[in-house]
Amino acid sequence: MAQTVLHTAASRGGADHGWLKSYHTFSFASYYNPERVNFGALRVLNDDAVDGGRGFGEHPHDNMEIISIPLSGALEHKDSMGNIGTIEPGEIQVMSAGTGMYHTEYNKNKDQRVKFLQIWVFPNKRNVEPRYDQVKIDTPEKPNTLVQILSPNPEDAGVWIHQDAWFNLGKLEKGSQITYSLQKKGNGAYIFVLEGDIEINGQPLSARDGFGIWDTDSFSIEASAAAEFLIMDVPMEF
Amino acid sequence: MENRTEILVVGTHEDILKTILRLLNAENAWYAEGVLGCEEAIAKCKSHAYAIVLLGGGLAEPEEARLKTEIKKIHPAIHIIPHYGGGSGLLYAEIHSALGTRT
């Protein structure tokens, strides 16, 4: 029987630093809830909005797979490997921190906020050589289909990470339904609603709600209003 | 350093170590020192009682295991924790969590 966990948008931790407004689904920075540390290998799910021209100064990372998905605006990145990149909606960025790296992240534009998701996944291999990549997300050919944006396989669609994880973006029209099959035995899925309203196996979810489901092979997603969402399929044991 | 939590950061990369130390030492309640590698870390712990040892990236698993064993022999109550980073994100949370200063 499937097990589930619901994290409503309003139950998230948060921080308002003026220039930065951040919502934390899992314990992060000053938000600490021992019951919300991770969902399997998924450790961090931050929903950030950064004022024009502002950003995160130089800071380190070790042994984490870090994925950034811009929702609006543009995010500029510079790192200790010599990479300089800007990502915008329709793109995804990944860093394998491995043995260690440091970077800065700034809002590229002075006149508008950048909004983005930052996601951290525990790797399945320690101390890999640090790596940076960014790719454009494929536009779905058909409506009401999922778009894979991350996998463990460099040859697959989207970016890849050192973990048996698969991320898909979904966009459903009102009344549409799809079934998602988990990619690997022992994996669970964490669904984060970006916009609109969906139901997962009958559980209603609205924008910025998160819902985890595991001990199942598949589940259904139905849009009760036009909706966009992210499915993160990750190992529950890692 | 009175009343400040003393932290030893063990890494393998000098620039990353500097970045971590700068962030930790920006907090008034903490004082952090850094070393590169196991031998120096064990020597430091023999001469000083840190509250926390933060293990940075690049250390092989046998090195981490050895550090945990050797340092715990010297200071059984010390907190030895992995570092994942993120500046004010997980880095600070890692320290607070180990100290039990956040509820």
Side-chain angles (χ1 to χ4, degrees), chain A residues 13 15 17 19-20 22-38 41 43-46 48 55-66 68 78-82 95-105 118-123 125-131, chain B residues 7-27 29-30 32 34-38 52-68 80-103:
Chain A
H17 299 287
W19 62 274
L20 164 68
S22 183
Y23 292 96
H24 313 310
T25 293
F26 301 105
S27 294
F28 193 83
S30 57
Y31 169 61
Y32 179 67
N33 179 343
E35 293 181 355
R36 285 177 64 165
V37 173
N38 61 310
R43 173 64 186 85
V44 171
L45 172 53
N46 287 348
D48 290 348
F56 303 93
E58 192 176 84
H59 60 275
H61 293 282
D62 283 332
N63 285 314
M64 276 282 181
E65 303 295 304
I66 299 161
S68 296
K78 292 180 187 174
D79 66 38
S80 52
M81 296 170 274
M95 290 184 296
S96 296
T99 54
M101 44 82 62
Y102 51 91
H103 73 145
T104 60
E105 293 163 294
Q118 189 161 88
I119 299 160
W120 297 22
V121 176
F122 286 109
K125 193 185 291 182
R126 284 172 44 83
N127 289 335
V128 299
E129 185 179 344
R131 185 179 63 94
Chain B
I7 302 164
L8 181 67
V9 185
V10 189
T12 56
H13 189 292
E14 194 166 355
D15 288 338
I16 294 171
L17 197 58
K18 279 182 192 167
T19 305
I20 297 171
L21 293 176
R22 175 174 53 77
L23 292 168
L24 294 178
N25 285 321
E27 290 287 299
W30 300 340
V35 291
L36 293 166
C38 287
I52 290 176
V53 173
L54 194 64
L55 303 177
L59 290 168
E61 285 184 54
E63 290 179 302
E64 286 195 1
R66 180 179 165 223
L67 276 180
K68 286 175 185 170
I80 304 175
I81 55 177
H83 167 248
Y84 296 112
S88 59
L90 285 199
L91 176 59
Y92 293 0
E94 288 158 3
I95 306 289
H96 282 296
S97 181
L99 294 172
T101 50
R102 182 165 290 151
T103 57

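Sequence lines set the chain letters: A, B, ... in the order given, protein chains first and strands last, and positions in each chain run from 1. Remember, it's a predicted structure, so these values are computed and weren't measured experimentally.
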Original post:
Which heavy atom of B:Ser97 sits nearest a heavy atom of A:Tyr32, and at what distance?
Top reply: OG-OH, 4.2 Å

**OP:** Heavy atoms only: give me the nearest A:Trp120-B:Tyr84 pair and the separation to one decimal.
**Re:** CZ3-O, 4.0 Å

Original post:
CG of A:Asp62 to CD1 of B:Ile20: how many Å apart, nearest 0.5 Å?
Top reply: 5.5 Å

Original post:
Could you state the interatomic distance from NZ (B:Lys18) to OH (A:Tyr102), rounded to the nearest 0.5 Å?
Top reply: 8.5 Å

Subject >> B:Ala93 versus A:Ala29, closest heavy-atom pair with distance >> reply: CB-O, 3.9 Å

**OP:** Search all heavy atoms of A:Glu58 against all heavy atoms of B:Arg22 and return the closest pair with its distance.
**Re:** O-NH2, 3.2 Å

Subject >> Heavy-atom contact with chain B under 4.5 Å, split by part of A:Phe56 >> reply: neither

Subject >> Worked verdict on A:Thr99 versus B:His13 for side-chain contact (heavy atoms from CB on, under 4.5 Å) >> reply: CA-CA 9 Å; A:Thr99 54; B:His13 189 292; over 6 Å; no

Subject >> Residue part contacting chain B, namely of A:Ser27, when any heavy atom lies under 4.5 Å >> reply: backbone

Subject >> Non-hydrogen side-chain atoms of B:Leu23 and A:Pro60 separated by less than 4.5 Å >> reply: yes

Subject >> chain A contact via B:Ile16 - side chain, backbone, both or neither, heavy atoms under 4.5 Å >> reply: both

Original post:
In this structure, are over 12 heavy atoms from other groups packed under 6.0 Å from A:Tyr23 atom OH?
Top reply: no

**OP:** Check for a donor-acceptor pair, side chain of A:Asn127 on one end and backbone N or O of B:Gly57 on the other, with a separation under 3.5 Å.
**Re:** no

Subject >> CG-CE distance between B:Asp15 and A:Met101, expressed to the nearest 0.5 angstrom >> reply: 13.0 Å

**OP:** Could you check which of B:Leu91, B:Leu59, B:Thr12 has the highest count of heavy-atom pairs closer than 4.5 Å to chain A?
**Re:** B:Leu59

Subject >> Inter-residue atom distance A:Arg43.CZ - B:Leu90.CG, 0.5 Å rounding >> reply: 4.5 Å

